[in-house]
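The first residue of the sequence shown is numbered 1, and numbering continues consecutively from there.
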Amino acid sequence: MTTPADFDGCARACRKPRVHTLVWGECEHAPESARPEPTVSMSHVFVDYDGHNSIGFDSYTLQQLADLIELALRTVPVRLGPNALAMLQRGETVGLSGGEYADLARAAADAILNRNAAPVAGFDVEARTCGDAQ
């Protein structure tokens with residue numbers, strides 16, 4: 001027979017039936033192998049079944065978020081001068097300019113914030129303009 005002390009760290013799902021569920025985050029006795037993969041949840045606005053806007057959540061694993069950011073970073077052009085090219089040929093490391101780091105950060109942030117938006121046709125990454133806009 002179990003005692004109430006056996007369920008001290010457990011949620012109601014364990015306490016009420018007096019059986020440990022072994023679910024991570026609910027049962028004190030859940031094994032480490034039951035721990036889910038860490039995720040990031042971000043809110044987004046969508047059109048609900050009634051036609052009105054609603055707020056929902058997307059969950060991303062580390063790899064899904066990294067894939068999203070990687071695609072965005074591939075759109076940022078990096079220009080190397082002759083000195084940087086010579087350094088790379090010698091196997092040395094070349095740092096980016098401050099503006100290129102800012103462009104990388106902006107592209108990653110844009111990919112995260114606009115992850116649910118449809119791709120914009122005619123978007124020019126380099127000029128940061130769309131279509132014929134000046």
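For the atom pair CZ (Arg15) and CD (Glu26), the distance works out to 12.5 Å, reported to the nearest 0.5 Å. In this structure, the separation between SG on Cys10 and NZ on Lys16 is 16.0 Å, given to the nearest 0.5 Å. Atom CG of Asp110 and atom CG of Asp103 lie 12.0 Å apart (nearest 0.5 Å). Note: Arg115 CZ to Asp58 CG = 5.0 Å, rounded to the nearest 0.5 Å. Annotation: the span from Thr21 atom OG1 to Glu28 atom CD amounts to 11.5 Å, rounded to 0.5 Å.
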Show me the donor-acceptor pairs within less than 3.5 Å that the side chains of residues 47-55 make with the rest of the protein, sequence neighbours left out.
unit_1, atom_1, unit_2, atom_2, d
Asp48, OD2, Ser54, OG, 2.8
Asp50, OD1, His52, N, 3.1

Acceptor/donor pairs from residues 32-43 side chains to any protein atom, 3.5 angstrom cut, sequence neighbours excluded:
unit_1, atom_1, unit_2, atom_2, d
Glu32, OE2, Arg35, NE, 3.1
Ser41, OG, Ser59, OG, 3.1

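Transitive grouping of hydrophobic side chains (ILVMFWY, heavy atoms separated by less than 4.5 Å) brings Leu85 and Met87 into a common cluster. Hydrophobic clustering, with ILVMFWY side chains joined whenever heavy atoms are under 4.5 angstrom apart, groups Val78 together with Val94. Residues Leu96 and Leu88 are members of one and the same hydrophobic cluster, defined by side-chain heavy-atom contacts under 4.5 angstrom among Ile, Leu, Val, Met, Phe, Trp and Tyr. Val23 and Val19 fall into different hydrophobic clusters, where Ile, Leu, Val, Met, Phe, Trp and Tyr residues are linked whenever their side-chain heavy atoms come under 4.5 Å apart, directly or through other members. Under the 4.5 Å side-chain heavy-atom criterion for Ile, Leu, Val, Met, Phe, Trp and Tyr, Val76 and Leu71 are members of distinct hydrophobic clusters.
The two residues Ile69 and Ala108 come nearest to each other via the heavy atoms CG2-CB, 3.8 Å. Annotation for Glu100 and Arg79: closest pair OE2-N, 3.2 Å, computed over non-hydrogen atoms. Pairing each heavy atom of Ala72 with each of Ala107, the nearest pair is CB-O, 3.3 Å. The two atoms that bring Arg12 and Pro17 nearest to each other are O-CD, 3.8 Å, heavy atoms only.
Around CZ of Arg74, the count of heavy atoms belonging to other residues, nucleotides or ligands within 6.0 Å does not exceed 12. Enclosure of atom CG in Leu80 by more than 12 non-hydrogen atoms of other residues, nucleotides or ligands within 6.0 angstrom is indicated.
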Does Leu65 form a side-chain contact (heavy atoms from CB on, under 4.5 Å) with Leu62? I'd like the steps, not just the answer. CA-CA 5 Å; Leu65 195 56; Leu62 175 68; 5.7 Å; no
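Using a distance-only test at 3.5 Å, with no hydrogens or angles considered, a donor-acceptor pair links the side chain of Gln64 to the main chain of Thr61.
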